[in-house]
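Let me begin by presenting the structure, written as structure tokens, before commenting on it.
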Amino acid sequence: TAMFITVLGSLISALLVPAVYIYLALSVSNSAVGEEALKKLRELIKWCGTWILKLGLYIFTGYMGLTGVITGTADSAALKMTKSTISFAVPVIGNILSDASETVLVGAGVIKNAAGIYGMLAILAVFLEPFTKIGVQYLLLKLTGAICGVFSTKQVTGLIEDFSVAMGMLAAATGSICLMLLISTVCFMKGVG
């Protein structure tokens, strides 16, 4: 499981990060020139980047379902709350990640039982730190785009919105890889004892 998640995470980051850079370059070019072909190409790159991430998560959730690596049951109220939180918190692919909510909750229970509450908080702090940094930058870009929509030109507003889309794609990739690493840690803890 750890090897599968490592390969999948590496593949996502190796394909998605260049797609985000290309998307940003096309966004800047489109903002400067305003050419329709650049806009269409930018949208194609955005679709490809989102598709890469979604495909990786579908493979991951399919693998988790087939192998049954982490099994157990979670409280239905906690499961419903976790699904809605993940769906809201992670841009682009939150709905896909929310399907893995039961695995996340069962995994959190395994970590809590094995490492205690402080061990669980330490593991989550490692995984949440990069996601929080990118998430805050994503929200700041969204806020800047909203302010520019009132006070600036259409090109500048569009460019800032494109940058927030790129940051949303990075936040989605980071959240996905953090979730996969969390589940990998749980699998390791279950395997050790």
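- Counting all heavy atoms, side chain and backbone alike, A173 lies closest to L16 at CB-CD2, 3.2 Å.
- To the nearest 0.5 Å, the span separating NZ on K154 from CD on E161 amounts to 10.5 Å.
- Between E35 and N30, the shortest heavy-atom contact is O-OD1, 3.0 Å.
- To the nearest 0.5 angstrom, T174 atom OG1 is 3.0 Å from I134 atom CD1.
- In terms of heavy atoms, T157 sits closest to G145 at CG2-O, 3.8 Å.
- By the criterion of side-chain heavy atoms lying less than 4.5 angstrom apart, applied directly or through intervening Ile, Leu, Val, Met, Phe, Trp or Tyr residues, W51 is grouped together with L170 in one hydrophobic cluster.
- Taking all atoms of both residues into account, the shortest heavy-atom contact from M169 to T50 is CE-N, 4.4 Å.
- Hydrophobic cluster membership differs between L140 and F131, with clusters built from Ile, Leu, Val, Met, Phe, Trp and Tyr side chains linked at under 4.5 angstrom.
- Closest of all the heavy-atom pairs between A19 and G49 is CB-CA, 4.3 Å.
- The closest donor-acceptor contact from the side chain of S164 to the backbone of K142 lies at 3.5 Å or more, if one exists at all.
- With respect to K133 and E129, a salt bridge is recorded, a charged nitrogen being found less than 4.0 Å from a carboxylate O.
- Within the 4.5 Å cutoff, no side-chain heavy atoms of F163 are placed close to those of T144.
- For the side-chain contact (heavy atoms from CB on, under 4.5 Å) criterion with S27, the lone passing option out of L38, I22, L159 is L159.
- No chain of hydrophobic side-chain contacts below 4.5 Å, direct or via other Ile, Leu, Val, Met, Phe, Trp or Tyr residues, connects L141 to L143.
- If you chain together hydrophobic residues whose side chains sit under 4.5 Å apart, L55 and L15 fall into the same group.
- Atom OG of S31 and atom CG of L26 lie 12.5 Å apart (nearest 0.5 Å).
- Closest approach of Y23 and K46 over heavy atoms only: CE1-CB, 3.6 Å.
- Looking at heavy atoms from C-beta onward, Y21 lies out of side-chain contact with I45 at the 4.5 angstrom threshold.
- Residue L139 is not grouped with residue V136 when hydrophobic side chains (ILVMFWY) are merged at heavy-atom distances under 4.5 angstrom, including chains of intermediate members.
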